[in-house]
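For reference, the structure is listed below as structure tokens.
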Amino acid sequence: MLVRSALPSVRRGPQRDAGRLRGAALRRRAPALLGAALALLLGCSGATQAPAARPARVVKTPPAQPKAPEGPPLLPAQVVAELEDEDATPYFARRGDEALLLYAAGGRWRTRVIGADGAPRGDVVDAGPAAADVPVAALRAGPQGYIAAWIEQIGGSRAVRALALDPAGKPVAPASAVAQTAEEITWLDVLPNAKGALVLWEMPREDRVDVVMTVLAQDKGAAIKPTAPASVARGVLGWNAVATERGAAVALVLPPAAPPPRAQGKAARKADADDVAETAKLGSVSLLEIDAAGKVSAPVAVSPEPTAQIDLEIAEVGGRYLLSWTDERDIDSAVYLAAAEPGGKVVVAPRQATPPSGEQALVSLVAPPAGAGGRALLAWEDVLRPRGGDGGAEVGGAGRLIHLASVGPDGALGVERAALVFSASGPPDLTADGDGFAAVTLAPATLKAARDPAAAPPIWPTFVRFGPDLSVRAAEPVRAAPFAATGGVPYLVRGLSCHKGACVTLASAAAGAGAQQGGAQQGGAQQGGAAKAAGAAGAVGARAPLALVSLPVRESAWRAPAFREDRDPPPRATAVRALAEGDPLAKVAAAELDGGAALAAWVTYFVEGASDGAPRGQDLSATLAVRAVSPGGLGKLNVLSQKASSLGGVAIATAPPAPADPKGKGGAAQAESVIAWVARERGETQVYVTKVDATGAKIAQKKLTTAPRKKQGGAASEASDVAIAYDGAGGFIVAWVDTRDGNAEVYAARVDRALNRTAPDRRITNAPLDAAEVQIAVRGQEAWLVWSDARPAGDAAGAAGGEATGDVFFARLDAKTLQRIGDEARLHASSEHSRSPVLAPHEGGVLVGWVDEPAGDGAAAGGGAAAGGGGAAGGAGGRARLVRLDNGGAMQGPPVTIEGPDGASVSSIALACDKACRGVLASAPGDSVALSAFTLAPGEAAAPPLKPLAWLTGSASRDVSPALAGRSGASLFFADDAVSGSGRVRWMTIAWP
């Protein structure tokens, strides 16, 4: 098995659009890996490139490296061959305690037996002629030795040939012609069984493939006798096969008979060519079996829904077939598992393999050793999870985080979870290792006692050996004496293999970078023959030495690029689910209900005059929707309006159940929530309030404002930035920003539980410049407001002159009359632009947070973050500030400043306070958005440390509008862009300390 370091991997079927299958992960990769990707596309199979749908698995060391750490010993290694082409692919197969190496050199196939100790046995064997153009080959151990098969490209035709080898690697007879055709053949595999072997290959048909086979019968000591090619399946989207003693089992992704319906909860939108093409590459999952004589059974439906991607894997575990794939039946793609008995009976229906965690992609399904029982290993990637180095204290540096869990014949994952850093695209090399597992990955190489952890470490191929509980038994970079010319680090690593607790991997140097005699002295732990063989390889000069490197379990000074993920301390995300998919989002709000339930409301981003999606005669704007969530699942998605204003935003507040009717009428009282939002009708905006029940269904709705918006010779006034809070006395206080009097000022009004006004609109601010982004919280008999205001520096009323950059202001109101109590207060004066304030009440007062960014990097002063645009999410230097206000509204010390991780610009913040205060910070490191969590203990004055929660798929230019529901902060709602570009509302549950 080979691992490619810089390309996506699609196991069976035509290459899918990277924007769906692997694109979410690929778009985050370092641009430097593109060079490695191009190099790998040109090699890894001899004279010609491997088919695009079958990238070889190979770990390739990046050419540009920081200074290497010094000191630790090298790994034991034996030079076993010399390759004429540094990218030529050697093939390696185990048979009992021995193994066989097959490679091409000088136009001939060469073999060499490898002993149990990893040392070559005997001389190199000439196994017959090798064509100059062999894009794909396979070598497998059979009942009487080994069987090799390959594809030859001769002129305009393609041929499949097979060769039987005895246990010593000698050919039993010349290679047999299996098939020849003028059509393309893109993949091939050998599946041995108790009586011989099956050879399966695929032939592309535009966006589908045909699967063809032949039976290789072999009498004792005789040459193989291939049968005529026969069809296994026609016009499939993808396939994968596993050898069994009876023959083989083949898993198929079959195209749908008709376009599948959209998944529940996905908002309807105008289909385009990309949508149609993407839908066509999803299919249903079926299973068929082939016996040793080549008889093909009828396909059995495993997952009839046409929602499976083509990254289908199959493994035999405990006498059952396990099937796994990436499925899109819900909004977020997820890794699914199913199990079937021999004969095709489905015994474990398809189900999501892991808790919801946003968009997922299957990486690998690794079977235990044949006949050994045990458990398989499932590897997958969560697009929204932290990158490598962020999730565990023992890991440093950047990279993808590949998640690992063992899985039994019942399809249930073990409770132990591990994570493996992989600093490239595609899959790492994974295999079973006795009662555990082993991996070769590409990861930052750092010493446990590194003096300068901030220094960029080199990226090297590294092995990891896991125990049955996925604890790390051993881990070291793959470094050996045959590669002394490059500091012990090979050019390519592939072919990880384990047997009876001993693991080895093939490693090769670049041509002309052969071993040097002094390399054995550096290693200190090299076997005696390695130095002699290395010297011989170095003499060749232009050839690339191929070595078999042992991967022992021993004490190591290196930090492992893996860790037990289930031991990761909180705060951490425990689940992520998408609530809706559609247009990009402008604002998300949330409120907590009883029993761990919550309501999320959102408004989409809509630019007036820029959309042609409205039917003729209809005045459509942004969409306002709400959905209930609970530990039991998701409620119905309720669209409240399609005439909302994006700039108006949305806010939600919940009141406890109304007092019981003394006459016992009306049934049990329920909590009610009120949503504040802004509607745009006939070009005018007004504030609305909508009452909903615990399911999000509309109960009542009223217009809160009736202000005249038309002006002669000028633009109409606007309402925006709504906020709402339960007043504690059976009503609600609504605040918003309004330009009815010229510049933007803060207004407030009060309604009762029936949404009737109990206090008229009241203007709260009176300043020369604009206010924005008002937020509200009720404390006893007072309503507390914070907002961003562009008034010049000076006193609260802005009497003094100065540059208007925008600061956060605070005011107290009488909750009944909405009269202001005392003067407004500027919470922090600075030359930066302060925006996006949030409030979190607690027993001792209120915690206020906001974002400061250099003036000019974000939205215009006082204008807040543009709806859907996030202000300066990608601007440099943004940071968050927190300040405590006591129960009298007085500041308790100066603001606490929180920088984004690694200096990333902060775009928004969400807060919740109970006994301690908790927060989620959105920042923009590079070209994407990251969510980080923090806790702030009572009285704590220092900036709290950040813990990564997730990396999002959306652009860094968008504000994700995070909102924590309730005082515990256990539920976070936020906006994110899907890989396809559509907007998604996500719900994350968080475990806090």
Side-chain angles (χ1 to χ4, degrees), residues 24-25 27-30 355-360 380-403 417-423 443-444 446 453-454 457 559 561-576 851 873-874 878-880 898-912 918-936 943-956 959-960 962 964 969-976 986-993:
R27 292 179 187 182
R28 301 202 307 258
R29 306 296 169 246
S357 55
E359 291 184 89
Q360 294 178 327
W380 72 98
E381 182 175 10
D382 292 338
V383 175
L384 301 183
R385 295 293 293 271
R387 298 182 183 180
D390 299 329
E394 297 301 316
V395 182
R400 294 162 56 204
L401 210 57
I402 306 299
H403 307 285
R417 304 293 168 88
L420 178 72
V421 176
F422 190 43
S423 300
T446 59
R559 182 174 288 116
F563 58 94
R564 271 287 294 273
E565 194 172 20
D566 54 318
R567 297 175 182 172
D568 186 28
R572 64 175 182 273
T574 57
V576 183
V851 174
R879 72 203 72 183
I898 306 179
E899 302 286 346
D902 299 324
S905 177
V906 176
S907 59
S908 51
I909 187 173
L911 296 174
R918 296 157 173 168
V920 173
L921 199 73
S923 59
D927 59 356
S928 59
V929 178
L931 296 180
S932 303
F934 63 88
T935 58
L936 193 68
L946 296 177
K947 172 72 180 300
L949 285 179
W951 288 74
L952 308 188
T953 55
S955 166
D959 186 356
V960 299
L964 288 166
S971 286
L972 174 72
F973 298 87
F974 58 95
D976 187 28
R986 299 193 189 274
W987 169 37
M988 175 188 290
T989 54
I990 305 173
W992 294 95

Item to check | Rounded distance [0.5 Å steps], CD in E381 versus CZ in F422 | outcome: 10.0 Å

Checklist entry - Given D382 and W951, is the side-chain contact (heavy atoms from CB on, under 4.5 Å) satisfied, shown in steps? => result CA-CA 10 Å; D382 292 338; W951 288 74; over 6 Å; no

Checklist entry - Is there a side-chain contact (heavy atoms from CB on, under 4.5 Å) between I402 and V421 once you walk through the steps? => result CA-CA 6 Å; I402 306 299; V421 176; over 6 Å; no

Checklist entry - Going from OG on S932 to CD1 on I909, what distance comes out if it is rounded to the nearest 0.5 angstrom? => result 11.0 Å

Checklist entry - Which atom names give the shortest non-hydrogen contact between P962 and A910, and what distance separates them? => result O-CB, 3.5 Å

Item to check | Set of side-chain contact (heavy atoms from CB on, under 4.5 Å) partners for A922, sequence neighbours left out | outcome: S907, S908, V929, L931, V960

Item to check | Residues which pass side-chain contact (heavy atoms from CB on, under 4.5 Å) with P355, listed by chain and number, not counting sequence neighbours | outcome: R417

Next on the checklist: Whether the D976 and T953 side chains hold a donor-acceptor pair (N or O, under 3.5 Å, no angle test) is what I'd like checked.
Outcome noted: yes

Next on the checklist: Going by side chain to side chain donor-acceptor pair (under 3.5 Å), name the residues that satisfy it together with T989, two or more places apart in sequence or in a different chain.
Outcome noted: T574

Next on the checklist: Is it true that T446 and R559 share a donor-acceptor pair across their side chains at a distance under 3.5 Å?
Outcome noted: yes

Item to check | side-chain contact (heavy atoms from CB on, under 4.5 Å) partners of A912, counting only residues at least two apart | outcome: L964

Item to check | CZ on F974 to CE on M988, rounded to 0.5 Å | outcome: 4.5 Å

Next on the checklist: Please give me the minimum heavy-atom distance between S423 and P444, naming the atom from each residue.
Outcome noted: OG-CD, 3.5 Å

Next on the checklist: Do D927 and S955 make a side-chain contact, defined as non-hydrogen atoms from C-beta onward lying under 4.5 Å apart?
Outcome noted: no

Checklist entry - About how many Å separate CD of E899 and CG of L921, when rounded to the nearest 0.5 Å? => result 10.0 Å

Checklist entry - Can you check side-chain contact (heavy atoms from CB on, under 4.5 Å) on I990 and L949, steps first, answer last? => result CA-CA 9 Å; I990 305 173; L949 285 179; 3.9 Å; yes

Item to check | Minimum heavy-atom distance between L952 and A975, given as atom pair plus value | outcome: CD1-O, 4.2 Å

Checklist entry - For the atom pair OG (S923) and CZ (R879), what is the distance rounded to the nearest 0.5 Å? => result 14.0 Å

Checklist entry - Who are the side chain to side chain donor-acceptor pair (under 3.5 Å) partners of S971, not counting sequence neighbours? => result W987

Item to check | A933 backbone acceptor or donor facing K947 side chain under 3.5 Å | outcome: no

Checklist entry - Judged by modelled atom types alone, do H403 and E565 share a side-chain donor-acceptor pair under 3.5 Å? => result yes

Item to check | Atom of G919, atom of W992 and distance for their closest heavy-atom approach | outcome: O-CH2, 3.5 Å

Checklist entry - What residues, two or more places apart in sequence or in another chain, satisfy side chain to side chain donor-acceptor pair (under 3.5 Å) together with R564? => result D566

